[in-house]
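The block underneath contains the structure these notes are about, expressed in structure tokens.
Predicted, not measured: the structure shown is a model, and the values here were computed from it. Proteins get letters first, then strands, A, B, ... in listed order; numbering begins at 1 in each.
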There are 2 protein chains.
Amino acid sequence: MKSVSNPHDCREELRRLEMRVTPARLGVLDVLEHAEVPLDVSTVIAYLDKQQIPADEVTVFRILNAFSKKGLIRPVQFNEGKLRYEYADKPPHHHFICEQCGSVSDVEGCVVGELEKQIEKKTGARVTRHSLEFFGICRRCGV
Amino acid sequence: MKSVSNPHDCREELRRLEMRVTPARLGVLDVLEHAEVPLDVSTVIAYLDKQQIPADEVTVFRILNAFSKKGLIRPVQFNEGKLRYEYADKPPHHHFICEQCGSVSDVEGCVVGELEKQIEKKTGARVTRHSLEFFGICRRCGV
DNA sequence: TGACAAATGCAAGTTACTTGCATATACTGC
DNA sequence: GCAGTATATGCAAGTAACTTGCATTTGTCA
């Protein structure tokens with residue numbers, strides 16, 4: 001169990017990024033900060049609903065875009081045809097997605113830094129980020 | 001320069017997979033077999049148009065889905081909000097996508113096999129595939 | 001060559017996301 | 001605390017990438 005973040009912290013985080021503090025933003029930040037896996041938009045909206053924080057779907061999209069631009073959160077794609085978002089302040093890691101039950105788990109550590117350097121050396125490009133996801137069948141789903 | 005594939009080969013490839021041979025399917029297979037990078041649906045459609053192969057957009061979507069299911073091609077995602085497809089019969093590799101000009105290049109070799117084994121050992125899951133893409137600025141775009 | 005299943009085309013639907021614009025609200029200075 | 005202003009929000013409508021349903025066409029096999 002993780003404790004609910006001090007609302008004051010979220011507040012300061014937003015102020016630091018020169019963003020206005022609104023209930024919807026605090027709510028979105030709170031749910032992403034405590035999520036164990038990247039969340040899609042409808043999950044975030046469901047959380048706001050449950051917390052009785054009124055927020056239009058469009059507003060949530062706009063908030064997620066704004067947070068992404070500021071680097072507060074990071075979009076992740078699991079080949080579902082939609083984006084998920086995770087709090088950016090996590091150590092580099094990857095994800096394993098079960099294609100049967102959809103469960104997601106973190107894969108600790110990032111092994112591709114070396115390869116990034118190789119690419120930069122070989123091609124002259126600058127690599128700024130990467131995405132690495134593993135797909136398969138989790139233990140519970142597999143025989 | 002790559003040579004255009006023998007239409008007879010495509011034909012046999014489809015028959016082998018127990019799929020009917022139609023002009024649209026031959027066209028889609030041909031363009032993907034010779035593409036240097038994964039193509040999105042509208043690019044495939046543009047190619048068919050140029051070749052004067054009549055094919056509805058819906059048909060192309062259906063063909064690509066069917067080919068994916070048979071493992072003939074493989075969907076790839078570059079965080080563009082749409083899928084691309086590449087011919088499956090290529091050695092394992094990854095992609096580098098320039099976020100400025102959109103150009104795509106292959107990154108030879110696959111370095112994550114070892115990590116896959118680790119995941120399987122640690123979690124008891126079965127990893128069937130992964131996706132690894134690098135994003136950044138290519139040499140031509142960067143200063 | 002004809003029968004039948006599979007593929008296609010067209011229209012309409014769905015999902016994820018964006019845009020425009022009027023209204024509401026958070027912050028700043030007083 | 002309060003007014004002024006920039007910013008955030010809500011609602012309606014729009015868009016892009018697919019998907020689905022159904023009637024028609026076409027490839028395949030006997």
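Comparing M19(B) and V58(A), the nucleotide of DNA chain D nearest to each residue sits closer to the 5' end for V58(A).
If you chain together hydrophobic residues whose side chains sit under 4.5 Å apart, V58(B) and L48(B) never meet in one group. Hydrophobic clustering (ILVMFWY, side-chain heavy atoms < 4.5 Å, transitive): V127(A) and F78(B) are in distinct clusters.
Using a 4.0 Å heavy-atom distance criterion, N65(B) is classed as a sugar-phosphate-only contact. Using a 4.0 Å heavy-atom cutoff across all strands shown, A66(B) reaches no nucleic acid atom at all.
Distance check, rounded to the nearest 0.5 Å: NE2 of H95(B) to OG of S103(B) gives 12.5 Å. Atoms CD and OH, on Q77(A) and Y85(A) in that order, are 9.5 Å from each other to the nearest 0.5 Å. To the nearest 0.5 angstrom, F67(B) atom CZ is 5.0 Å from L29(B) atom CG. R84(A) contributes atom CZ, which lies 4.0 Å from atom CD of E80(A) (distance to the nearest 0.5 angstrom).
Taking the charged nitrogens against the carboxylate oxygens, R16(B) and E13(B) do have a contact shorter than 4.0 Å, which makes a salt bridge.
Between the CZ atom of R25(B) and the C1' atom of dG9(C) there is a distance of 14 Å, given to the nearest Å. R62(A) has its CZ atom 10 Å from the P atom of dT18(C), to the nearest Å. If you take CG of D56(A) and P of dC21(C), they are 18 Å apart, rounded to a whole angstrom. In this structure, E57(A) places its CD atom 13 Å from C1' of dT14(C), rounding to the nearest Å. Counting to the nearest Å, the C1' atom of dA7(C) and the CG atom of L17(B) are 16 Å from each other. Note: CD1 (I63(A)) to P (dT25(C)) measures 15 Å, nearest angstrom. Atom CG in L83(B) sits about 17 Å away from atom P in dT15(C), given to the nearest Å. Following rounding to the nearest Å, K69(B) (NZ) and dA7(C) (P) show an atom-to-atom distance of 11 Å.
Phosphate proximity of dA7(C) to T59(B): absent, as no side-chain N or O sits under 4.0 Å from OP1 or OP2.
Taken over five-pair windows at either terminus, the axes of the helix from dT1(C)-dA30(D) to dC30(C)-dG1(D) are inclined to one another by 40° (rounded to 10 degrees).
Counting non-hydrogen atoms of neighbouring residues, nucleotides and ligands closer than 6.0 angstrom, the CZ atom of R126(A) reaches no more than 12 such neighbours.
Relative orientation of the H94(A) and H130(A) rings is tilted, given thresholds of 30° and 60° on the angle between their planes.
On the nucleic acid side, DNA chain D contacts chain A at distances under 4.0 Å to non-hydrogen atoms, with the end points of that region at dA6(D) to dA12(D).
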